[in-house]
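Let me begin by presenting the structure, written as structure tokens, before commenting on it.
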Amino acid sequence: MLAELEQQYEQAAAALAAAEGREALEVWYRDTLGRKGSIYLLTRQVGALSAEERPAFGQRLNEVKAELQAAYDEKLALAEGAELQAQLAAGALDVTLPGRQPARGRLHLVTRTLRDIYRIFGDMGFQVYRSRDVETDEINFELLNFPPHHPAREMQDSFYTTTEGVILRTHTSGGQIRAMREYYPEPIRVVLPGMCYRNEQVTARSEMQFTQVELLAVGDDISFADLKGTLTEFARRLFGADRETRFRASYFPFTEPSAEMDISCILCEGAGCAVCKYTGWLEILGCGMVHPVVLRNGGYDPDKYFGFAAGMGPERIAMLKYGIDDIRQFWANDLRFLEQF
Ligand code: DAH
């Protein structure tokens with residue numbers, strides 16, 4: 001009997017040594033120390049032994065059980081530790097890695113340019129006045145003194161709506177009429193921003209939709225000197241303190257006299273380069289004294305009031321400032337372009 005016990009013990013010890021991992025250990029336990037295990041079953045045989053044999057067998061069996069149990073406990077603890085280590089390693093976080101950058105939005109280049117313009121004119125006392133994108137032909141053209149057959153009124157230049165006499169504004173100048181009619185008889189200093197729409201061939205230099213900023217000042221003592229001073233100061237605050245300006249005579253139906261303002265080239269400082277086409281100057285806006293007919297259409301008596309107006313394109317300004325050569329980039333929504341600013 002004792003011989004069998006020793007044999008079972010050796011087998012069990014060998015099997016335990018070979019068992020790797022928690023599952024294998026549990027199987028081993030069931031087959032040896034468990035209620036139907038080989039070692040446990042030996043206890044049942046004690047009754048079959050003679051009274052002399054029993055104590056020695058019982059003692060040895062208890063020793064064997066205790067040894068196997070201790071060896072099993074030790075191996076199980078090791079296996080559980082290894083399992084935990086493996087789990088930790090699998091879900092490991094490397095806290096030294098740099099975090100992922102969340103995508104951050106930013107203001108569109110035109111929005112930023114608009115805000116620069118608002119800030120500069122705001123500092124000079126001009127308020128932002130919003131006029132409508134959908135405008136009547138009357139306000140967009142007629143009341144601004146456009147002659148009836150002016151080419152800008154042709155079908156191919158304006159986007160017409162299904163409502164007779166209603167178009168998408170082709171410029172922000174119509175806002176002059178709306179502002180005058182609202183403010184009369186007060187003096188006016190407003191900035192009129194907005195999207196404009198023209199049925200034009202889209203090229204690197206012209207888009208079907210673009211923003212404009214209009215400037216309007218009306219009062220009883222406004223002169224061309226105010227226009228020049230205001231716009232020159234604006235150019236210096238936007239493009240740098242040593243910017244030179246020059247005014248060239250021009251023509252717009254709604255101003256008289258009319259002019260275009262150039263700034264000394266911001267790239268070559270007037271020396272001549274490809275951007276200024278070797279003239280040293282960049283055209284930046286149109287302007288002039290508000291035409292008496294337009295003043296009257298806005299409700300102001302042109303014998304008592306004077307005004308100056310100007311119109312500029314933020315896209316063009318941004319193109320010059322940042323060296324952008326294709327106006328189509330602005331509204332193409334290509335993040336590779338937009339994220340550069
Ligand atoms: N409305 C003109 C355009 O669309 C721009 C302009 C020129 C506006 C002269 C003005 C101005 O107020 O005085 O091209």
Side-chain angles (χ1 to χ4, degrees), residues 114 117 121 126 128-133 135-147 150-154 156-159 167-180 183 188-200 205-219 222-232 234-235 245-263 282-295 297-298 300 302 305-317 319 327:
L114 282 170
I117 295 170
F121 286 121
F126 287 79
V128 174
Y129 184 93
R130 304 219 170 249
S131 56
R132 36 192 95 174
D133 288 47
E135 192 50 281
T136 61
D137 180 277
E138 185 187 24
I139 285 190
N140 194 80
F141 292 123
E142 238 172 86
L143 298 174
L144 291 173
N145 199 35
F146 277 80
H150 192 279
R153 302 179 64 156
E154 298 273 303
Q156 61 262 39
D157 283 354
S158 307
F159 283 114
I167 61 172
L168 299 187
R169 68 170 162 217
T170 61
H171 56 179
T172 46
S173 302
Q176 292 187 33
I177 299 290
R178 295 206 174 267
M180 283 192 273
Y183 281 98
I188 301 174
R189 264 186 268 176
V190 287
V191 169
L192 307 146
M195 189 64 83
C196 302
Y197 311 85
R198 285 185 201 171
N199 193 1
E200 268 186 297
R205 315 195 111 250
S206 67
E207 255 283 22
M208 281 192 294
Q209 79 177 70
F210 50 91
T211 47
Q212 270 195 351
V213 174
E214 190 92 9
L215 201 67
L216 174 69
V218 176
I222 287 184
S223 70
F224 200 86
D226 296 311
L227 176 156
K228 282 182 84 170
T230 304
L231 294 178
T232 297
F234 163 72
T245 56
R246 74 174 183 187
F247 291 80
R248 283 178 292 105
S250 184
Y251 171 78
F252 301 102
F254 38 88
T255 44
E256 180 60 34
S258 302
E260 277 167 322
M261 184 176 87
D262 298 340
I263 57 170
L282 299 168
E283 186 208 317
I284 220 75
L285 52 79
C287 57
M289 299 303 290
V290 181
H291 197 288
V293 167
V294 176
L295 278 173
N297 288 340
Y300 287 78
Y305 290 93
F306 305 91
F308 72 76
M312 65 193 82
E315 283 92 336
R316 175 168 168 77
I317 287 173
M319 285 169 87
I327 197 171

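Note that these values count all heavy atoms, side chains included, but never hydrogens, waters or copies made by symmetry. Quick note: residue numbers are just sequence positions, from 1. Remember, predicted model here, so these are calculated numbers, not experimental data. Just so you know, ligand 1 is whichever comes first in the structure, and atom 1 is the first atom listed for that ligand.
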TODO: Go through the side-chain N and O atoms of Ser158 and Thr170 and say whether any donor and acceptor fall under 3.5 Å apart.
DONE: no
Task: Pair Asp157 + Arg198: basic N to acidic O under 4.0 Å - done: no
- [ ] Check each protein residue for a heavy atom under 4.0 Å from ligand 1 and list those that pass, ordered by chain and number.
- [x] His171, Ser173, Gln176, Arg198, Gln212, Glu214, Phe252, Phe254, Thr255, Gly286, Cys287, Gly288, Ala309, Ala310, Gly311
Open item on the list: Does Arg189 have more than 12 heavy atoms from other residues, nucleotides or ligands lying within 6.0 Å of its CZ?
Closed with: no
Task: Atom pair CZ/CG of Phe254 and Leu216 - distance to nearest 0.5 Å - done: 11.5 Å
Open item on the list: Using 0.5 Å steps for rounding, measure from the OG1 atom of Thr245 to the CG atom of Asp262.
Closed with: 9.0 Å
Open item on the list: Would you say CZ of Arg205 has more than 12 non-hydrogen atoms from neighbouring residues, nucleotides or ligands within 6.0 angstrom?
Closed with: no
